[in-house]
Amino acid sequence: MKKKITVIGAGHVGATAAQLVAQSGIADVVLFDIVEGLPQGKALDIAEACPLWGSASSVVGTSDYADTSGSDIVVITAGLARKPGMSRDDLLKANADIVRGVTEAVAKASPDAMLVLVTNPMDVMTQLAWKASGFAHAKVMGMGGVLDSSRFRTFVAWKAGVSPRDVEALVLGGHGDQMVPMPRFTTVKGIPITELFSEDTVKALIERTRNGGAEIVAHLKTGSAYYAPGASVFEMVKSIVLDEKRMLPTAAYLGGEYGVDGVYAGVPAILGAGGVEKIVELKLTTEEKEGFDRSVSAVRGLIDNLGIK
Ligand code: NAI
């Protein structure tokens, strides 16, 4: 039997992620939204593309949690997106209420599911969903690092004049303004960019990556990025569904790794059929560790602010 993947929120990111899953044919898809008609219309549209993609996925749109029951993975994108001038953190309170409600309903309908959180501020929402679901922490994770790393890869590839396929990049920490792009672990066919580019160039690439989301918001004016975010969700979901054991930067629960206890933060993790199967600990330099700690403190501050216990 095919796996069942529910996407909560049929907006830009949710619908794009649903499309990519359906297009690949790796699982059946349920698209859920509270706006009556939106998930039904988009799901029907995606279903009607499946013959052209050669996909046998079933795609259903709904506003009824009963249709999501027995899901293997639930991707949560429900919430408000950033408007120009708005930081991810401004979204905190509004989205916390939405994510708490969604998580409780999802956990009831699909007690064995894994949760992939997308709603911003994502690290905090992941912590909230873990608490609200009562699920094991290996089954609750957030998407942010895959996107940030893909942005970093793009900018490095353009600068080096090479295919993005030959660029690997790593971004650690929270998916916020304090994210920590890691030039030492960012390579063109194995060559660290610190050896390829001047210090100023590396700094500029890091800065553009940090502002990657805001750069797109400034262009769009009425919403935020969704193609690369949707593709990033798909990368994580695929690794779990196909048990690929990809090492992907993931917002994962840290229970002592990186010297941090009890908080979700972006770290390299192995994603497979068991969810977050392993957290990969890198030896960080003092400067890298300071950047990571600052980023984690920012996330912890928001968690405290919300009173998540
Ligand atoms: P969007 O506004 O296009 O879609 C959000 C959808 O959520 C809307 O259709 C809305 O009706 C729905 N929704 C609201 N409350 C709901 C509820 N209680 N139950 C079910 N659905 C509900 O927004 P977009 O662009 O899809 O972004 C979604 C979220 O993802 C935002 O918080 C955004 O900031 C975040 N995001 C996170 C990224 C990351 O890397 N983690 C990247 C891109 C976006």
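All ligand and atom numbering here is 1-based and tracks the order in the structure. All residue numbers refer to positions in the sequence shown, counting from 1. Note: hydrogens, waters and symmetry copies are ignored here, and every other heavy atom, side chains too, is used.
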For ligand 1, which atoms sit closer than 4.0 Å to a heavy atom of [X]?
{"X": "Met122", "result": "41 (N)"}
{"X": "Ile98", "result": "15 (N), 16 (C), 17 (C), 18 (N)"}
{"X": "Leu80", "result": "31 (C), 32 (O), 34 (O)"}
{"X": "Leu147", "result": "40 (O), 42 (C)"}
{"X": "Leu38", "result": "9 (O)"}
{"X": "Pro229", "result": "42 (C), 43 (C)"}
{"X": "Val35", "result": "11 (O)"}
{"X": "Asn95", "result": "32 (O)"}

From the candidates [options], the one that places a heavy atom nearest [atom]:
{"atom": "atom 3 (O) of ligand 1", "options": "Arg100, Met143, His12", "answer": "His12"}
{"atom": "atom 5 (C) of ligand 1", "options": "Ala15, Gly9, Gly79, Pro121", "answer": "Gly79"}
{"atom": "atom 16 (C) of ligand 1", "options": "Asp123, Ile34, Val7, Leu31", "answer": "Ile34"}

Worked verdict on Glu290 versus Thr285 for side-chain contact (heavy atoms from CB on, under 4.5 Å): CA-CA 9 Å; Glu290 278 168 11; Thr285 63; over 6 Å; no
His175, portion touching ligand 1 at heavy-atom distance under 4.0 Å: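 Only the side chain of His175 comes within reach of ligand 1.
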Leu117 and ligand 1 - part of the residue with a heavy-atom distance under 4.0 Å: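 The answer is neither; Leu117 stays 4.0 Å or more away.
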Counting heavy atoms not belonging to [X], are there more than 12 under 6.0 Å from its [atom1]?
{"X": "Lys289", "atom1": "NZ", "result": "yes"}
{"X": "Lys3", "atom1": "NZ", "result": "no"}
{"X": "Lys108", "atom1": "NZ", "result": "no"}

Inter-residue atom distance Ile5.CD1 - Ile240.CD1, 0.5 Å rounding: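 Nearest 0.5 Å value for the CD1-CD1 distance: 8.5 Å.
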Atom pair CZ/CE of Arg100 and Met125 - distance to nearest 0.5 Å: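 If I round to the nearest 0.5 Å, the distance is 8.5 Å.
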Geometry only, no angles: is [X] polar-contacting ligand 1 at N/O separations under 3.5 Å?
{"X": "Tyr65", "answer": "no"}
{"X": "Val118", "answer": "yes"}
{"X": "Val13", "answer": "yes"}
{"X": "Phe32", "answer": "no"}
{"X": "Ala225", "answer": "no"}
{"X": "Thr77", "answer": "no"}

Heavy-atom closest pair, residues Pro181 and Phe152: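 Scanning both residues, the minimum pair turns out to be CB-CE2, 3.7 Å.
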Ion pair check, Asp28 and Lys4, cut-off under 4.0 Å: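 Here Asp28 does not pair with Lys4 in a salt bridge, since their nearest N and O are not under 4.0 Å apart.
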Modelled atom types, side-chain donor and acceptor of Thr68 and Ser71, under 3.5 Å: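 No, no side-chain donor-acceptor pair sits under 3.5 Å.
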Trp130/Tyr253 aromatic ring centres below 6.0 Å: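 Close enough - the centres of the two rings lie under 6.0 Å apart.
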Close approach of Gly223 to ligand 1, heavy atoms, under 4.0 angstrom: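 It does not; every heavy atom stays at 4.0 Å or beyond.
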Main-chain N/O of Gly9 paired with Thr77 side-chain donor or acceptor, under 3.5 Å: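 It does hold such a pair.
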Under 3.5 Å donor-acceptor, Gln19 side chain and Thr16 backbone: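 No.
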